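A short worksheet on the structure shown next.
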Amino acid sequence: MKKLLLALICATSLFSQTFTFTAIPDQDETKLKERFSLLSTYLTKELGVDVKFVPVKSYSASIAAFRNNQVQLAWFGGLSGVKARLIVPGSVAIAQGVEDPNFHSFLIAHSSTGLEKSKSIPKGIEGKTFTFGSKGSTSGRLMPQYFIQKEFNKSPNEIFKKVGFSGNHSKTVALVQSGAYEVGAVNYKVWKKELKAGKIDPSKVKIIYQTPGYPDYNFTARGDIDKQFGKGFTAKLQKAILNIKDEKILNAFPRSGFIKATNEDFAPVLDTARELGLVD
């Protein structure tokens, strides 16, 4: 009887734990809540534990929450994932979107610039006002900055009249569309989703360049979650993510599906970040 009671107590203790996750705030809060509330419900059912999404206000805050074990899983961009895994030894990238190994950024421009789409970065962006997304964004800062510097052999502050950081991709689109900034860098997925939603006026803002592909978003898990939630929990979590078929969840990301990821997949991001001095 005592053994049975002890087993029940242990089981209750295990399944009363809450598994928490966060995500980089790459879009406005409404879109993030929609996406991750759907995922929370799905993972709670698949994992047999209570799963809770913990929103954060910045890219750096998502890394801090992961470091401090306030969350055990995070939907990171390429750069934030690399940083988090360096800070938390043993953490692993476990999944990415089907599209994420070959991600892209768009350079967009206000119609008043007269800039048109080109196969190379238009020389006419020099001397314009320019906004990146978040300072910690892969698609909104790291990779666009890399390709721009490679083209002009100058830093952004030497190329542009003014350089800003909008904070997220949705704001970048809004700032360039309004003319507050003449040119900007944006995640191609966010651009396409906002265009489809009717939030982009093509008469005011247009794509002028698409970057080459690079690895980007990923789910990264702490290396100690099997100790916290039971042997095999990481594998179970990975399987649950890879098996997502619900169109509402996939469309909210938006991704056509999820595939396996490893830390090594993001070596190009780490190398680029080191080259630009954004990672030691």
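For the single chain, residues carry numbers from 1 onward in sequence order. Because the structure is a prediction, the values reported are computed rather than measured.
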Side-chain heavy atoms of F103 within contact of K189, under 4.5 Å: yes
Step-by-step salt bridge (charged side-chain N to carboxylate O under 4.0 Å, His left out) determination, E46 to K236: CA-CA 8 Å; E46 293 297 312; K236 189 176 181 181; over 6 Å; no
Heavy-atom donor-acceptor pair, D246 side chain to K248 backbone, under 3.5 Å: yes
Main-chain N/O of G78 paired to D216 side chain as donor or acceptor, under 3.5 Å: yes
Crowding at NZ, K123 (>12 non-hydrogen neighbours, <6.0 Å): yes
Steps toward side chain to side chain contact (heavy atoms under 4.5 Å, CB included) verdict (I244, Y42): CA-CA 9 Å; I244 294 174; Y42 169 79; 3.4 Å; yes
Sidechain-backbone polar pair: S170 side chain, Q27 backbone, donor-acceptor under 3.5 Å: no
Main-chain N/O of D280 paired with R274 side-chain donor or acceptor, under 3.5 Å: yes
Exceeds 12 heavy-atom contacts within 6.0 angstrom, atom NZ of K171: no
Q177 side chain to D201 backbone, donor-acceptor under 3.5 Å: yes
Centroid separation F258 to F219 less than 6.0 Å: yes
N/O donor-acceptor pair under 3.5 Å between D226 side chain and T234 backbone: yes
F76-F66 aromatic ring centre distance below 6.0 Å: yes
Closest non-hydrogen atom pair between L32 and P25, with its separation: CD1-CA, 3.6 Å
R141 NZ/CZ over Y59 ring centroid, <6.0 Å and within 45° of normal: no
Hydrophobic cluster membership, L73 vs I259, 4.5 Å side-chain cutoff: no
Among Q96, R85, Q72, the one residue meeting side-chain hydrogen bond (donor to acceptor under 3.5 Å, both in side chains) with T220: R85
N/O donor-acceptor pair under 3.5 Å between T44 side chain and V51 backbone: yes
For G257 against L250, the heavy-atom pair lying closest together: CA-CD2, 3.8 Å
Donor-acceptor pair, side chain of T129 and main chain of E182, under 3.5 angstrom: yes
N/O donor-acceptor pair under 3.5 Å between N263 side chain and A93 backbone: yes
Trace of the side chain to side chain donor-acceptor pair (under 3.5 Å) decision for T20 with T18: CA-CA 6 Å; T20 55; T18 298; over 6 Å; no
ILVMFWY network linking V56 to V71, side-chain heavy atoms under 4.5 angstrom: no
is_close_aromatic(F233, F19), centroid dist under 6.0 Å: yes
Backbone N/O of R67 and side chain of R222: donor-acceptor pair under 3.5 Å: yes
Connected via hydrophobic side-chain network under 4.5 Å: F21 and I87: yes
Separation between CD1 of I207 and CG of L195, rounded to the nearest 0.5 Å: 7.5 Å
Trace of the side chain to side chain contact (heavy atoms under 4.5 Å, CB included) decision for K83 with S60: CA-CA 9 Å; K83 287 182 174 180; S60 58; over 6 Å; no
Chi angles and distances behind the side chain to side chain contact (heavy atoms under 4.5 Å, CB included) call for V190, E194: CA-CA 6 Å; V190 174; E194 303 235 322; 3.9 Å; yes
Heavy atoms from other residues, nucleotides or ligands near CG of N153 exceed 12 (cutoff 6.0 Å): no
Min side-chain heavy-atom separation P144-F132 under 4.5 Å: yes
Check: Y214/S105 side-chain N/O donor and acceptor closer than 3.5 Å: yes
